[in-house]
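Only one structure is covered here, and it is reproduced in the block below.
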Amino acid sequence: DVNLNRHVALKEISHASGATSAIVERFKHEAEITGRLDHPSIVPIYQLGKDLATGRVFYTMRFLGRSTLQDSINEYHERRSEGDDNPMLLRHLLSAFVNVCYAIGHAHSRKVIHRDLKPENVVIDNFGQVIVIDWGLAKVVSDTSVESLVDSSPTGSADRTSEGQVLGTPLYMAPEQAAGRLDELDHRTDIYGLGAILFAIISGNAP
């Protein structure tokens, strides 16, 4: 950010020339929904804009570095395998997990489900703060059903995430999500993802 002389993380659509209006709208809604979730353990969005030179839509967010919860899990189990069974190491991981739960609890209070919870989508910054990232598969949940964030085609349904379509990370995916039963997705889908993260913390492997 040359105006404030700080590093930020920038996300943009990779192949702008092939981006349909539906893809652009989905991208904008990803930024919008992330920006709506004001919580210390959810990555903050700074700006949504369009590059005048390239025409690419982008958004910027806080730069968090590259260390993830998966890295911490790997380090913990490597040290255990080498005979270092310091209980504080596990305690730090469990504290991080609790912070993830608080973040997802906040999202659920705003009727948002993440749908792609995994250790790689949890960043631990240089201050040890735990932050959930990558809300690209997030959904807004109404009182009665799962709604798409974006009516992504002129007809209203052609490019919408459709029944039977599988989006997410298979190793951490709830059964109803893996089966493409989108009408069954709700906050419990994320709770499964949280349980899968906890499983990985304890065992060192995805479920």
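Taking CD1 of Ile197 as the start and CD of Glu120 as the end, the distance is 9.0 Å to the nearest 0.5 Å. Considering CD1 of Ile124 and NE2 of His92, their distance stands at 10.5 Å, rounded to 0.5 Å. Interatomic distance, Asn126 CG to Leu64 CG, rounded to the nearest 0.5 Å: 9.5 Å. Expressed to the nearest 0.5 Å, how far OG of Ser21 lies from NZ of Lys28 amounts to 10.0 Å. To the nearest 0.5 Å, atoms OG1 (Thr189) and NE2 (His114) are separated by 13.0 Å.
Remark: the backbone N or O of Cys101 is not paired with any side-chain donor or acceptor of His106 at under 3.5 angstrom. A donor-acceptor pair is defined here as one N or O able to donate and one able to accept, closer than 3.5 Å; no such pair exists between the side chain of Asn5 and the backbone of Val2. Under the 3.5 Å distance criterion, the side-chain polar atoms of Asn121 are matched with a main-chain donor or acceptor of Asp116. A donor-acceptor pair under 3.5 Å is formed between the side chain of Arg115 and the backbone N or O of Leu137.
Residue Arg6 places its CZ atom among more than 12 non-hydrogen atoms of other residues, nucleotides or ligands, all under 6.0 Å distant. Environment of CG in Leu4: crowded, with over 12 heavy atoms of neighbouring residues, nucleotides or ligands closer than 6.0 Å. With a 6.0 Å radius and a threshold of 12 heavy atoms from other residues, nucleotides or ligands, Asp38 has its CG atom at or below the threshold. Under a cut-off of 6.0 angstrom, the local environment of CG in Asp84 is crowded, with over 12 non-hydrogen atoms contributed by other residues, nucleotides or ligands. Counting heavy-atom neighbours within 6.0 Å of Tyr46 OH, excluding the residue itself, gives a total above 12.
Between Phe27 and Tyr59, the angle of the ring planes lies from 30° to 60°, which puts this pair in the tilted group. By the 30° and 60° cut-offs, the orientation of the rings of His108 relative to His187 is perpendicular.
In the model, Asn74 has a side-chain atom that pairs as donor or acceptor with a side-chain atom of Gln70 under 3.5 Å. Side-chain polar atoms of Gln129 and Ser41 form no donor-acceptor pair below 3.5 angstrom.
For the pair Lys139 and Val112, the minimum side-chain heavy-atom distance is 4.5 Å or more. Looking at Tyr102 and Pro40, their side chains never come closer than 4.5 Å, going by heavy atoms from C-beta outward. Counting only heavy atoms from C-beta outward, the side chains of Tyr172 and Leu117 never approach each other to under 4.5 Å.
The shortest non-hydrogen separation linking Val132 to Ala103 is CG2-CB, 3.9 Å. Shown here for Trp135 and Ile104, the closest heavy-atom pair between the two residues is CH2-CD1, 4.0 Å.
Under a 4.0 Å N-O distance rule, the pair Arg62/Asp125 qualifies as a salt bridge. We find that Glu30 and Lys11 are joined by a salt bridge, their nearest charged nitrogen and carboxylate oxygen being less than 4.0 Å apart. Between Glu75 and Arg79 there is a salt bridge, since at least one side-chain N of the basic residue sits less than 4.0 Å from a carboxylate O of the acidic one. Using a 4.0 Å cut-off between a side-chain N of Lys or Arg and a carboxylate O of Asp or Glu, Arg56 and Glu12 qualify as a salt bridge.
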